[in-house]
2 protein chains.
Amino acid sequence: MPTIKDIAKELGISVSTVSRALNNHPDIRQETKQEVLDAMKRFNYTPNAVARSLIQRKSNTIGLMIPDITDPFFSAMAHDVEEVLSDSGYQVVYVNTSRRPEKEKRFLISVLERKMDGIIVTPDFLDEEAIELLHRLKIPVVFLRRRPPQGLNVPFVDVDHYKGACNAMDYLFSLGHNQIGFIGMPKYSFTGKERYRGYMDSLNRLGLEADPRGVTFDGRTMQCGYRAMDSLMDKYPSMTAVFAANDLLGIGALEWLAEHNISVPGQISVIGFDNLEVANLHWIKLSTVAQPRKEMGRKAAELLMEMLLSNELTAESILLDTNLVIRQTCSEAQIVRTR
Amino acid sequence: MPTIKDIAKELGISVSTVSRALNNHPDIRQETKQEVLDAMKRFNYTPNAVARSLIQRKSNTIGLMIPDITDPFFSAMAHDVEEVLSDSGYQVVYVNTSRRPEKEKRFLISVLERKMDGIIVTPDFLDEEAIELLHRLKIPVVFLRRRPPQGLNVPFVDVDHYKGACNAMDYLFSLGHNQIGFIGMPKYSFTGKERYRGYMDSLNRLGLEADPRGVTFDGRTMQCGYRAMDSLMDKYPSMTAVFAANDLLGIGALEWLAEHNISVPGQISVIGFDNLEVANLHWIKLSTVAQPRKEMGRKAAELLMEMLLSNELTAESILLDTNLVIRQTCSEAQIVRTR
DNA sequence: CTGAAAGCGCTTACAG
DNA sequence: CTGAAAGCGCTTACAG
């Protein structure tokens, strides 16, 4: 691989001049520059980005840490993150943490070692060591779909889960439902808690109380939704609608209902949260609360770029709105019809 | 950020010694080493991987070029690629080409500039310039789900699409079908061509001929499958089964059939290809040809690691087998039953 | 076992 | 406008 030294020698000039041509520095004669550029072409010269990074203390790479690229949620965000960053000349190195604390830490260490310019992260574990690492970074960090812990002053980009849940409930109320079951995600998850809070507060605002038999928490998969529906119907049969904290749970519930010949929305209404692709399938048509996933990725990347440009380590967080998408799994309470 | 120089000064020793401690080189006294390591801890020292890369001519990063991380196919592969590479101490920088030739080329150039150690690629455009770039790389390359062009001696990892298609057809034959329609992917795609070839050859092997009215090519989405089914039923009504070249197409076809109250598999059998998650949904249960996606990613990464270890620029390609997964959309021909 | 020196491929004041 | 020199933070023969 030829270096600027080779080019300089070939042309009988100094490496400084070659460097100036390469970086189109103004202090160079047009003809000299052209000669250098020609020689570079002849030699098939490619600048060594590693050497450049070393001296400029800027690697032009951004780290992206997500739990699992296989989750449509994260792949959608990762797609737009890459798009805007790459348009700005950055490379993105990505890591699936698989929600393993050691892998999260390993990533943060390599951010330090590789001199990455900034990172976008969706951490699941933030022990003291990880937070300490984050503090040592001294580069722009944005949290994506997670809130930064106390004492870490970095911005986040997320959706307003609480408000989204309230919207779903309001919609159900507007259809006359007041016995509404809830299929929750695990209680330790932040989003799970927020959506549950939306459910509870909405009921309370109307002077209703959640029937404890109408609330279940399990996992976040279709199987869990299926199981949850089974238990809900058993314990809270007067329920006319179900709010599932995510689409997978909602679809699992729909599956149970279909298997038991309970018509949706005739006998029971179901609403989800997320708006996954599958929610729109002909057989499903789940009404749900849409999260702008790609937009989240895009915003996170744009925010990071701004911080990089302005050389700030903090910025205003972004809370995006959800969007109620009404399909065919909710109808007015008490009115029996077949789907 | 402290450097080895700071550590050396602190301890009154040379940077060489510090370096030796860092790389646990044998030529160092145990006590010296311990002192250095302690000082590093005190200083919160992190080695600068950029400097190390420059001198070692090895960046410990691998490039991963895929069309679109949002496609479950690629995200599954990307997941396992990252997993095995990161276990081997590599970082992966990933790029979505969005099937844009300029972006593919831009990626290859940055591979050169960033001195990446190897790449795994799924290119869609390989013009002379790109091939030339690939030649200049001089690092291990593995093609993932694509075949390298003539004259480029690099290994690939893919599934045997032709064989998979034959298996699907044989299954349909075994159920007594001999009027089988085909919903193809765009003709220019390699996988599309291979699966079509499997369809045609299978018919020919049985002395059958494809009815030209029974073959359509359009896109690769559900909408296309829906449209294709519409046209197939119109032009080739005697058909008893349909082989859709991918699951999305198959699901679109199922949707059309459901809307027109044509029972599956009672009146018509449908088989897909890919085994997407959705194919297993309660309402779909599409019989299909499964591709081991994660395994493809894993194998590609392992192959690359081997090449890196053995310092070879080429290796044996890997053709993985598909796997027929029988669900509920195919049954014996001529026997009418409701689903 | 340890240190001085050269060098990886660049960029960037500084002097002219 | 151009060049010589220093330096980014390491590693690696080489000499002792």
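Labels below follow one simple rule: chain letters A, B, ... track the order of the sequence lines, proteins then strands, and each chain is numbered from 1.
Within 4.0 Å of B:N48, counting heavy atoms only, lie sugar-phosphate atoms of the nucleic acid but no base atom. Residue contacts for A:L54: at a heavy-atom cut-off of 4.0 Å it reaches a base atom on one of the strands shown.
Crowding of B:E31 atom CD: a count of heavy atoms from other residues, nucleotides or ligands under 6.0 Å exceeding 12.
Under the 4.0 Å criterion applied to side-chain N and carboxylate O atoms, B:E306 and B:K299 are not assigned as salt-bridge partners. By the 4.0 Å N-to-carboxylate-O rule, B:K294 lies too far from B:E83 to be salt-bridged with it.
Rounded to whole Å, the distance from CZ on B:R114 to P on C:dC8 is 22 Å. One interatomic measurement links the two molecules: NZ of A:K58 to C1' of C:dG9, which rounds to 18 Å at whole-angstrom precision. For the pair B:R57 CZ and C:dC10 P, the interatomic distance rounds to 11 Å; values are reported in whole Å. To the nearest angstrom, C1' of C:dG3 lies 16 Å from NZ of B:K9. In this structure, A:E35 places its CD atom 14 Å from P of D:dC1, rounding to the nearest Å. Taking atom CG of A:L112 as the reference point, atom P of D:dG9 lies 14 Å away to the nearest angstrom. Rounding to whole angstrom units, CE of residue B:M40 and P of D:dG9 are separated by 14 Å. A:K5 places its NZ atom 13 Å from the P atom of D:dA4, with the value rounded to the nearest Å.
The side chain of B:Y45 approaches D:dC10 more closely than any other nucleotide in the set D:dG3, D:dT2, D:dC10.
Within the 4.0 Å cut-off from OP1 or OP2 of D:dC10, not a single side-chain nitrogen or oxygen of B:S53 is found. Distances shown here put a side-chain N or O of A:S14 below 4.0 Å from the OP1 or OP2 atom of D:dG3.
Using modelled atom types, one finds a donor on one side chain and an acceptor on the other under 3.5 Å when comparing A:Q91 with B:S110. In this model, a donor atom of one side chain and an acceptor atom of the other lie less than 3.5 Å apart for A:T17 and A:S14.
Heavy-atom distances to DNA chain C give each of B:R29 and A:V50 a nearest nucleotide, and the one nearer the 5′ end belongs to B:R29.
Of all the heavy atoms in A:D27 and A:R20, the pair that sits closest is O-CD, 3.5 Å. Of all heavy-atom pairs spanning B:A78 and B:L64, the tightest one is CB-CD2, 3.9 Å. Listed here is the closest heavy atom pair of B:F156 and B:S317: N-OG, 2.9 Å.
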Nucleic acid footprint by protein, nucleotides 11-16 of chain C - heavy-atom cut-off 4.0 Å, B for base, S for sugar-phosphate alone: BBB---
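Between atom CZ of residue B:R145 and atom CD1 of residue B:I66 there is a gap of 12.0 Å, rounded to the nearest 0.5 Å.
Helical stems in DNA chain D, defined as runs of 3 or more consecutive Watson-Crick or G-U wobble pairs with donor-acceptor distances under 3.5 Å: C:1-3 with D:14-16, C:5-12 with D:5-12, C:14-16 with D:1-3.
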